[in-house]
Amino acid sequence: MLDPKLLRQALDETAERLRIRGFNLDVDAIRSLESQRKEVQVATEQLQAERNQHAKAIGEARSRGEDIQPLLNQDSTLDERLTTGKQQLQQLQVALNEQLMAIPNLPDESVLAGTSEDDNLEVRRWGELPAFSFTPNDHVDLAAPSGLMNFEQAAKIAGARFVTLRGALARLHRALAQFMLDLHTGEHGYEEVNVPCIVNRVSLEGTGQLPKFEKDLFKLIDDRDFYLAPTAEVPVTNLLRNEIVAAEQLPIHYVCHSLCFRSEAGASGKDTRGMIRHHQFEKVELVQWVRPADSWQALETLTGHAEQILQKLGLAYRVVTLCGGDLGFAAAKTYDLEVWLPGQQKYREVSSCSNFLDFQARRIQTRWRNPDTGKPEFLHTLNGSGLAIGRTLIAVLENYQQEDGNVRLPKVLAPYMGGDTLLKFNAV
RNA sequence: GGAGAGGUGGCUGAGUGGUCGAAAGCGCUCCCCUGCUAAGGGAGUAUGGGUUAAAAGCCCAUCGAGGGUUCGAAUCCCUCCCUCUCCGCCA
């Protein structure tokens with residue numbers, strides 16, 4: 001949520017900056033609601049003050065033993081006017097809040113205008129693209145014939161956009177998660193957390209998935225407002241809801257391995273092959289809470305933590321800055337990490353690292369006590385995938401495939417694979 | 001599933017219809033005293049919002065959430081959420 005003061009004091013400038021991300025702020029509607037709100041609120045609070053004074057006077061009179069009957073009969077219309085005022089005020093505040101909750105974060109000044117991923121700006125590349133003496137397969141042709149990766153089975157159990165893994169491939173999937181967790185906890189200073197993958201509406205509103213993106217989520221048929229979490233960002237960021245964090249505890253770095261569920265409602269026909277875009281996948285997520293002054297530096301280091309995974313796995317990738325139009329609802333700036341997939345001859349996203357500034361913290365009410373002011377102030381939140389496990393698995397398979405159809409595994413994974421450095425598909 | 005207890009400020013914890021935004025303690029800040037790896041005394045210390053160019057001041061709201069009763073609700077009534085204890089069941 002943006003600071004409501006922006007809508008009162010700098011509405012036009014705010015609208016201008018939101019245009020960078022293609023968001024059209026209804027300036028007139030907000031201005032009108034805001035001026036009504038001001039008028040009604042001032043009047044209503046005045047009436048409330050009158051009522052309070054009156055009730056207090058009765059109390060005082062009674063404690064002096066005076067007759068309170070004349071006072072009781074005094075105000076016949078106050079009650080009615082107050083009730084009307086309160087109702088009007090609430091309606092206006094609800095309307096304003098609806099507007100406010102639907103406004104995305106302001107893009108950082110370094111973010112360029114643009115409408116799609118084609119307008120994203122490449123920042124850097126790492127690693128050399130693998131050279132093959134044969135035509136590399138994609139992960140489906142590579143793994144599916146062995147049966148260790150099976151889309152038909154998953155379709156039987158659930159439907160399209162699911163997969164089953166078996167044997168060494170299932171183990172490799174687990175190994176990647178373990179490797180990522182160990183690196184982030186062991187070398188990058190994150191504390192591991194384990195959280196529910198069912199979340200309620202309030203949590204989703206807090207991180208910005210709701211109210212606008214309900215269609216992307218799986219909602220449980222249940223009267224308890226349950227949704228499947230689309231990313232650990234939701235439960236983990238909400239861990240500190242309504243908390244005031246002591247300055248000494250900052251920064252807070254959590255890492256979480258979790259299941260993620262997405263309806264992919266707007267992606268029909270897109271990435272239908274393989275396990276690029278599934279309804280269920282696993283991800284290791286990095287989440288940080290930092291002092292406001294530190295968040296831009298934190299975005300760089302967090303992105304670096306995610307990059308470390310790719311570097312240690314020896315996977316070539318590039319970093320892009322998302323353009324305004326590609327930016328997520330709550331993010332002020334996002335770096336995507338895109339790993340090279342030889343099977344597609346493309347870079348594909350495996351991580352998205354964002355600085356949300358105080359946008360989520362304001363919705364979730366996560367603050368710290370600033371020693372300089374003595375006051376509670378909103379923290380800044382950041383998060384990034386470190387990394388998406390399914391897509392990393394694909395990248396390992398495609399980049400390390402050999403002519404015989406087997407896959408040589410990066411050395412860093414050997415301890416998690418029982419010492420094996422070769423994944424055999426054609427020996428099954 | 002059955003029975004019970006409870007949700008109050010940064011924390012602990014009083015408060016069952018009126019000067020209660022809330023005792024006391026802890027913690028924290030400042031001052032004094034002491035002259036020492038201790039203790040004592042005093043003062044201050046919730047959050048959000050409105051008004052304002054801003055501040056001060058003033059006003060409004062907030063004692064899990066939402067309704068209700070009342071001139072007036074932390075306190076009474078209703079609904080919901082959450083936590084804890086015991087029994088049963090169970091991964």
Taking C-beta and beyond as the side chain, do D3(A) and D358(A) meet within less than 4.5 Å on heavy atoms?
-> no
Atom pair distance, as rounded to whole Å: [atom1] in [X] and [atom2] in [N]:
X: K5(A); N: U52(B); atom1: NZ; atom2: P; result: 13 Å
X: E60(A); N: C20(B); atom1: CD; atom2: P; result: 11 Å
X: Q41(A); N: C60(B); atom1: CD; atom2: P; result: 13 Å
X: E39(A); N: U51(B); atom1: CD; atom2: P; result: 12 Å
X: Q249(A); N: G10(B); atom1: CD; atom2: P; result: 14 Å
X: D225(A); N: A65(B); atom1: CG; atom2: C1'; result: 14 Å
X: E243(A); N: U47(B); atom1: CD; atom2: P; result: 15 Å
X: K56(A); N: U19(B); atom1: NZ; atom2: C1'; result: 5 Å

Less than 4.0 Å between a side-chain N and a carboxylate O, is that true for R201(A) and E214(A)?
-> yes
Between E264(A) and R277(A), does at least one N-O distance fall below 4.0 Å, as a salt bridge requires?
-> yes
Is any side-chain nitrogen or oxygen of [X] closer than 4.0 Å to OP1 or OP2 of [N]?
X: K38(A); N: U51(B); value: yes
X: N52(A); N: C60(B); value: yes
X: R362(A); N: G48(B); value: no
X: R241(A); N: G64(B); value: no

Measuring only the [atom1] atom in each nucleotide, how far is [N] from [M]? A whole number of Å is fine.
N: A14(B); M: C87(B); atom1: P; result: 26 Å
N: A38(B); M: C20(B); atom1: P; result: 39 Å
N: G64(B); M: G7(B); atom1: P; result: 8 Å
N: G67(B); M: G15(B); atom1: C1'; result: 24 Å
N: A46(B); M: G9(B); atom1: C1'; result: 5 Å
N: G41(B); M: C26(B); atom1: P; result: 10 Å
N: A39(B); M: G49(B); atom1: P; result: 39 Å
N: U52(B); M: C59(B); atom1: C1'; result: 13 Å

What is the distance from atom CD of Q99(A) to atom CG of L25(A), rounded to the nearest 0.5 Å?
-> 7.5 Å
Over 60° means perpendicular and under 30° means parallel, so classify the ring planes of Y254(A) and W289(A), tilted if in between.
-> perpendicular
Trace of the salt bridge (Lys or Arg N to Asp or Glu O under 4.0 Å) decision for E285(A) with K283(A) = CA-CA 6 Å; E285(A) 184 78 1; K283(A) 185 156 60 69; 2.5 Å; yes
Base, sugar-phosphate or nothing for [X]? Non-hydrogen atoms, less than 4.0 Å.
X: R37(A); value: sugar-phosphate
X: Q46(A); value: nothing
X: R62(A); value: base

Nearest to the side chain of [X], which nucleotide is it out of [options]?
X: R367(A); options: G18(B), U47(B), A61(B); value: U47(B)
X: A55(A); options: G10(B), A54(B), G18(B); value: G18(B)
X: V42(A); options: U51(B), A73(B), G49(B); value: U51(B)
X: R369(A); options: G10(B), A73(B), U19(B); value: G10(B)
X: Q48(A); options: G18(B), C60(B), U51(B); value: C60(B)

Sorted by chain and number, sequence neighbours left out, ring pair (Phe, Tyr, Trp, His ring centres under 6.0 Å) with H278(A) holds for none
Side-chain donor or acceptor of N383(A) paired with backbone N/O of L286(A) under 3.5 Å = no
Assert: residue with more 5' nearest nucleotide on RNA chain B, out of Q9(A) and Q53(A), is Q9(A)
Comparing Q365(A) with G59(A), nearest RNA chain B nucleotide closer to 5' gives the residue G59(A)
Examine the side chains of Q360(A) and E233(A) and answer whether a donor and an acceptor come within less than 3.5 Å of each other.
-> yes
Any donor-acceptor pair under 3.5 Å between the side chain of E45(A) and the base of G49(B)?
-> yes
Identify the residue among N242(A), L240(A), V236(A), V234(A) that makes a side chain to side chain contact (heavy atoms under 4.5 Å, CB included) with N238(A).
-> V234(A)
Base-pair string, RNA chain B, Watson-Crick plus G-U, cut-off 3.5 Å on both distances, | for inter-strand, is ((((((((.[[[..)..(.....]]]((((((.......))))))((((((.....)))))).[[[[[..)....]]]]])))))))....
